[in-house]
Amino acid sequence: MSEREYEVVLFGATGFTGALTARYLAEGAAADTRWALAGRNRAKLEALRGELAAIDPRLAELPLLHADAGDPESLQAVAAATKVIATTVGPYITYGEPLVAACAAAGTGYLDLTGEPEFVDKMWLGYHEQAERTGARLIHSCGFDSIPYDLGVLYTVGQLPEGVPLAVKGFFRASATFSGGTYHSAITIMGRLRQGAAVARQRKRLEARPTDRRVRGVLTPPYREPLVDGWVAPVPTIDPQHVLRSARALPRYGPDFSYSHYVVLGKLPVLAGAAVGAGTLVAAAQLPPTRALLLKLRDPGDGPSAEQRAKAWFRVTMEGTAGTGGRVVTEVFGGDPGYGETAKMLGEAALCLAKDELPDVAGQTTPAVAMGQALIDRLIAAGIGFRVIERT
């Protein structure tokens, strides 16, 4: 891999989140990093490069590569030229597979921001074995989906005894405005629940699981949680799926590991309103005519303003307990989760995968398994908080 022309290529750089990630790399990547922007619109790439050159004049010569999700040959050429590709081009179930295929064939590291379980399962079915053979590391959900939870649990487990049963509960809350692209991805997921469930069952039948350890997710009804001073509800997002996959791969999670994943909704009326609203959206997304109307409500290129992003924040509180006694409470926290911090997470993950000494793994894997403590260290240095707040 060392002879490849680039270390990191950012695909989809002219989109809302892609441009934020490009600016993050312009400010945060080491001067000797060999990186490039990729996309289908040369004029937009040149305009973005001009903005980056205002940050660092050396970037006036930043390479611009042609890559189009509808042109597999262009993706294959880019994959062959770089160690790592980070992509922000979604919805991934619509646009993502050709790039995964190119990276799996070329032995290239792949990172995305997907929160789409169907896409992740479909890519595992199609490309995991090939990626194992070529040495490619296919790592999904390297933004707010699902870095704070996957790495937050890894951090929490590291504070607990080894070789004993462990249980972790994660509680997240955030104040943020999400973009049209995120909204479109969410509606797409809701409208494909049956297809997603079918792909998940197929993967479950084929995927090997540890036989000498137990790893499970625990679902409970909504309840009032004193630790976060509010009502919490389980949420069927992609985040706990990644946590459990990391736990299956890493013996450090103990002989019997469980994880529960909750959103903090505060007061009971807020919980009730959220449940009604979510149910209404899911029902409407099942029918093509109403799904089309929902998608028209937001333009996929829209995003929150700089002022809105500056006020946004997130906090993930985790409670870990050991079967032999012992308890720890940790937090992962930061600013604007969907954009500023997601750009930071994706950018640092790309640099980590390209530059750091990492575990020797291949195939479709998770951030915790592929990058682990190295990525935690990078994120802490970049301003995302990981801390222990209570230990008993």
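Each residue takes its place number in the sequence, starting with 1. These values consider heavy atoms only, across backbone and side chains, with no hydrogens, waters or symmetry-generated copies.
- Note: Ser146 OG to Leu151 CG = 10.0 Å, rounded to the nearest 0.5 Å.
- By the criterion of side-chain heavy atoms lying less than 4.5 angstrom apart, applied directly or through intervening Ile, Leu, Val, Met, Phe, Trp or Tyr residues, Phe257 is grouped together with Val164 in one hydrophobic cluster.
- With respect to Phe172, the ring-ring contact (aromatic ring centres under 6.0 Å, His included) criterion is satisfied by exactly one of Trp313, Tyr149, Phe314: Tyr149.
- To the nearest 0.5 Å, the span separating CD on Glu116 from CE on Met123 amounts to 10.0 Å.
- Two residues are said to be in side-chain contact when any heavy atoms from C-beta on lie closer than 4.5 Å; Ile376 and Leu154 meet this criterion.
- Counting heavy atoms from C-beta on, the side chains of Arg216 and Arg214 come closer than 4.5 Å.
- Classified by interplanar angle (parallel below 30°, tilted 30° to 60°, perpendicular above 60°), the ring pair Tyr262/Phe171 is parallel.
- Taking all atoms of both residues into account, the shortest heavy-atom contact from Ala350 to Val8 is O-CG2, 3.7 Å.
- At a threshold of 4.5 Å between non-hydrogen side-chain atoms, the residues Leu113 and Phe144 do not count as touching.
- Under the salt bridge (Lys or Arg N to Asp or Glu O under 4.0 Å) criterion, Glu51 pairs with Arg23, not counting sequence neighbours.
- Residues Ile238 and Val120 form a side-chain contact, since some pair of their non-hydrogen atoms from C-beta on lies under 4.5 Å apart.
- The shortest non-hydrogen separation linking Leu244 to Gly217 is CD1-N, 3.6 Å.
- Listed by first and then second residue, the side-chain hydrogen bond (donor to acceptor under 3.5 Å, both in side chains) pairs that reach into residues 158-170 are Gln159-Arg391, sequence neighbours excluded.
- By the side-chain hydrogen bond (donor to acceptor under 3.5 Å, both in side chains) test, Tyr253 pairs with no residue at all, sequence neighbours left out.
- At distances below 3.5 Å, at least one donor-acceptor pair connects side-chain atoms of Arg252 with backbone N or O atoms of Val157.
- No side-chain heavy atom of Tyr259 sits under 4.5 Å from any side-chain heavy atom of Val215.
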>> I'd like to know whether Tyr110 forms a ring-ring contact (aromatic ring centres under 6.0 Å, His included) with His140, so could you lay out the CA-CA distance, the side-chain angles of the two residues, the decisive distance to 0.1 Å, and finally the verdict.
In response: CA-CA 8 Å; Tyr110 167 94; His140 302 283; 5.6 Å; yes

Using a 3.5 Å cut-off and no angle test, enumerate the donor-acceptor pairs between side-chain atoms of residues 315-323 and protein atoms at least two apart in sequence or in another chain.
from: Glu319; atom 1: OE2; to: Arg327; atom 2: NE; distance (Å): 2.7
from: Glu319; atom 1: OE2; to: Arg327; atom 2: NH2; distance (Å): 3.2

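- Gln241 places a side-chain heavy atom less than 4.5 Å from the side chain of Pro117.
- Note that CG of Leu75 is 11.5 Å distant from OG1 of Thr108, once rounded to the nearest 0.5 Å.
- Considering only residues two or more places apart in sequence or on other chains, Thr33 meets the side chain to side chain contact (heavy atoms under 4.5 Å, CB included) condition with Glu7, Ala29, Ala30, Trp35, Leu351, Lys355.
- One distance of note links CG of Leu37 with CG of Leu52; it measures 6.0 Å at 0.5 Å rounding.
- A salt bridge does not link Arg40 to Asp71: none of the charged nitrogens lies less than 4.0 Å from a carboxylate oxygen.
- How far CD of Glu27 is from NZ of Lys344: 10.0 Å, rounded to the nearest 0.5 Å.
- Thr88 and Thr17 share no side-chain donor-acceptor pair at under 3.5 Å.
- Within 6.0 Å of atom CD in Glu46, more than 12 heavy atoms from other residues, nucleotides or ligands are found, so the atom counts as buried in its surroundings.
- At distances below 3.5 Å, not a single donor-acceptor pair connects side-chain atoms of Asp356 with backbone N or O atoms of Leu358.
- Gln373 pairs by the side-chain hydrogen bond (donor to acceptor under 3.5 Å, both in side chains) definition with Asp377, not counting sequence neighbours.
- When only modelled atom types and interatomic distance are considered, Thr114 and Asp112 share no side-chain donor-acceptor pair under 3.5 Å.
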>> For Arg137 and Leu353: C-alpha separation, side-chain torsions, deciding distance, then whether side chain to side chain contact (heavy atoms under 4.5 Å, CB included) applies.
In response: CA-CA 9 Å; Arg137 290 171 288 192; Leu353 198 63; 3.6 Å; yes

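- Residues satisfying the salt bridge (Lys or Arg N to Asp or Glu O under 4.0 Å) criterion with Arg245, sequence neighbours excluded, are Asp121.
- Two residues are said to be in side-chain contact when any heavy atoms from C-beta on lie closer than 4.5 Å; Tyr127 and Leu138 meet this criterion.
- Linking Ile, Leu, Val, Met, Phe, Trp and Tyr whenever their side-chain heavy atoms come within less than 4.5 Å puts Val235 and Ile147 in one cluster.
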>> Apply side chain to side chain donor-acceptor pair (under 3.5 Å) to residues Ser74 and Asp68 and explain how you reach the verdict.
In response: CA-CA 6 Å; Ser74 71; Asp68 187 335; over 6 Å; no

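- Within the hydrophobic cluster formed by Ile, Leu, Val, Met, Phe, Trp and Tyr side chains joined at under 4.5 Å, directly or through other members, Val199 is accompanied by Trp124, Leu125, Leu206.
- Val218 and Leu160 fall into different hydrophobic clusters, where Ile, Leu, Val, Met, Phe, Trp and Tyr residues are linked whenever their side-chain heavy atoms come under 4.5 Å apart, directly or through other members.
- Residues Leu166 and Asp256 have side chains not in contact (no heavy-atom distance under 4.5 Å, counting atoms from C-beta outward).
- When every heavy atom of Leu48 is checked against every heavy atom of Ala22, the shortest pair comes out as CD2-CB, 4.0 Å.
- Within the structure, ring-ring contact (aromatic ring centres under 6.0 Å, His included) contacts touching residues 368-392 (residues at least two apart or in different chains) are Tyr155-Phe386.
- For the atom pair CZ (Arg213) and OG1 (Thr211), the distance works out to 10.0 Å, reported to the nearest 0.5 Å.
- Judged purely by distance below 3.5 Å, without hydrogens or angles, the side chains of Glu348 and Tyr24 pair a donor atom with an acceptor atom.
- With sequence neighbours left out, the ring-ring contact (aromatic ring centres under 6.0 Å, His included) criterion links Phe333 to no other residue.
- Ile380 is connected to Leu346 through a chain of hydrophobic side-chain contacts under 4.5 Å among Ile, Leu, Val, Met, Phe, Trp and Tyr, so both are in one cluster.
- By the salt bridge (Lys or Arg N to Asp or Glu O under 4.0 Å) test, Glu225 is found to be paired with no residue, residues two or more places apart in sequence or in another chain being considered.
- The residues Lys311 and Asp336 are annotated as not salt-bridged, no charged nitrogen and carboxylate oxygen being separated by less than 4.0 angstrom.
- Take His242 and apply the ring-ring contact (aromatic ring centres under 6.0 Å, His included) test, not counting sequence neighbours, and it matches no residue.
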